[in-house]
Amino acid sequence: MVHSEPEPFEIRSHAENGVGPETRSVTFLARWMDGDQPWPRGCWPNEAQRLLLQACLLEDDAAATRAWQKWEALIPWDFIDFGSHRLLLLLHDRLRRLGLTSKDQGRLAGVARYYWVQTELRQRQAIAILQLFENAQIPTLLLKGAALNATVYRTGFRAMNDLDVAVRREDAPRAVQLLNEADAAPPKIVLDESFRFGHGTNFSLADGTEIDLHWDFFHSRSLSPDQQQTLWDASLPVKIGPASSRVLCPADQLLHTCEHGVRYNETPPFRWLADAFQIIRAAGTEMDWLRLAAQARECNAVLQVRRSLQWLNENLDLPIPDEALADLDESKMSLADRLEYRVAGQRGLAGQHTFWQTFPEHAFAWYREGRPGSLAKYHCLQHNISQNYGGRWWEFTKLGMLQTASRVKAAVPSIGKIRRFVVSTLPDDEIIGCHEVERSGHRTFRWTSGESSLVVTLPPGQYDVDVHVFPWRDWGSDLASELRVDFNRNGCLVTPVGNRNRVLRFSIQRDMFGSAPQQRLTFRCGSFRDVPEDEKRHLGLPLKAVCFRPRKSGGTES
């Protein structure tokens with residue numbers, strides 16, 4: 001960990017030497033830390049996601065149409081990632097205004113209708129929650145989807161999955177009590193130390209309402225009482241039906257959006273760029289760029305804001321005032337700030353569990369706050385683990401080590417031309433219809449539902465495929481009659497091999513491959529014939545790994 005007040009990176013101007021435009025004198029390490037990696041390794045849009053954003057947001061109708069046509073030709077509907085899926089409501093509205101129709105118009109309209117209904121339901125649920133707090137005289141401030149729909153989207157074209165609402169830190173205990181009394185299932189127990197060091201927790205109510213309750217505005221940047229009061233003082237009143245609340249002013253809302261967006265997520269998080277675009281366009285000349293820069297410096301989020309504005313300017317032709325970028329460029333950024341920006345914005349080593357993905361940024365926050373107590377306890381409190389945190393820390397440590405080992409092990413066979421996919425470490429949008437990672441002994445696996453899919457990136461060819469499963473489902477008793485395996489909708493003949501039939505083997509041919517880089521492997525099977533009484537899930541296949549072995553013309557490659 002670096003010194004609390006490191007020397008800032010030197011910022012020079014060639015103009016000072018009579019050479020030309022401004023540039024930075026940075027080291028190789030600084031250039032590495034400043035690199036923006038596209039998803040799936042980083043948080044920035046890849047090529048397909050960039051085209052989708054342009055189709056939804058570019059002011060130039062002709063350019064938006066070209067972007068949409070390229071995107072539709074590039075990404076088959078079966079392989080739209082979930083992050084892109086959440087923008088289809090916005091795409092449907094843009095195509096309607098352009099007078100265009102998709103080749104899959106029925107599916108697009110159905111998805112748009114689903115998200116519209118879901119968003120309307122969340123808005124109605126928000127009214128009840130806000131009135132609950134209002135009657136208890138607890139001031140509230142809306143964040144993310146609910147705030148954006150009420151202020152910048154206007155017509156509800158921003159899909160939302162839950163309600164994000166902030167209260168003052170001193171009101172948080174009463175707010176938790178109210179939500180527990182409103183049939184939170186299960187009730188949340190939040191200790192005083194979580195209110196001091198944490199930022200919030202989530203609730204699920206019996207009627208299906210999902211609430212993220214915040215008593216701080218950022219995940220890894222705890223604000224002082226004065227800093228929080230500054231945000232509350234500048235906030236604006238808003239009405240959601242008959243309920244009253246507040247929202248951040250445009251500059252603070254943009255800061256909050258960028259700070260939350262530049263963070264790696266297994267679900268592509270690039271929707272924040274659409275939100276930032278809408279905030280800037282809605283604010284127009286009323287955007288306070290000086291306040292944005294000042295607040296970004298105050299919250300150590302200069303790089304997050306500057307990179308977002310640069311991306312919007314370069315890819316969506318959104319005019320950003322030169323003085324706004326210059327003000328951010330002149331801000332001093334320490335080595336720690338740059339390192340934090342890099343590690344928070346790319347995929348970690350220890351699998352996809354948020355406990356370990358967020359550990360580096362919480363370590364930086366812990367250091368900024370003067371190292372209050374042990375780092376392990378501080379990190380657990382950020383995840384609202386305040387009871388038996390030591391046991392949970394050790395449990396997550398073992399899981400993280402196992403997932404890291406699985407990821408390394410999965411990479412090694414590729415040297416021998418074997419493509420190995422470990423189902424415990426695949427991103428969530430690449431494994432569909434599976435339950436959370438579980439453990440047996442020292443190994444991790446996933447139970448599938450009755451129908452599940454793996455999305456794999458595989459070059460066309462002939463392969464022998466081995467599906468490694470745990471022995472809890474016997475081949476002879478039911479899998480032989482119930483399991484069906486398809487590769488891109490082509491049926492495959494499965495043969496069990498190995499000790500206790502723990503490997504299921506089949507072959508795929510070159511003509512089974514689709515035109516897209518991603519291929520879909522689907523498992524269909526019924527549940528156990530003898531399901532334990534306490535097991536409520538639909539259990540299919542206990543998956544461990546899938547290995548693709550290329551075949552030579554004369555047989556299987558060794």
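Side chains included, hydrogens not; waters and symmetry mates left out as well; all remaining heavy atoms used.
- With salt bridges taken as basic N to acidic carboxylate O contacts below 4.0 Å, none links E72 and K103.
- In this structure, D464 does not pair ionically with R505, as no charged nitrogen and carboxylate oxygen lie closer than 4.0 Å.
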Salt bridge (charged side-chain N to carboxylate O under 4.0 Å, His left out) assessment of R489 paired with D486: CA-CA 5 Å; R489 300 182 181 176; D486 294 341; over 6 Å; no
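- Between H383 and H379, the ring-plane angle classifies as perpendicular under the 30° and 60° cut-offs.
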Side chain to side chain donor-acceptor pair (under 3.5 Å) assessment of S204 paired with E210: CA-CA 5 Å; S204 297; E210 298 288 335; 2.8 Å; yes
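- In this structure, the side chains of K544 and R502 stay at 4.5 Å or more apart for every pair of heavy atoms.
- Classification of the Y378-H362 ring pair by plane angle, with boundaries at 30° and 60°, yields perpendicular.
- Taking the six-membered ring for Trp and thresholds of 30 and 60 degrees, F548 and F421 have ring planes more than 60 degrees apart, a perpendicular arrangement.
- Between V262 and W272 there is a side-chain heavy-atom pair separated by less than 4.5 Å.
- Ring geometry for H199 versus H214: interplanar angle of 30 to 60°, hence tilted.
- Checked by atom type, the side-chain pair R122/Q125 shows a donor-acceptor distance below 3.5 Å.
- Ring geometry for F445 against W447 counts as perpendicular: the plane angle is over 60°, on a 0 to 90° scale with 30° as the lower cut.
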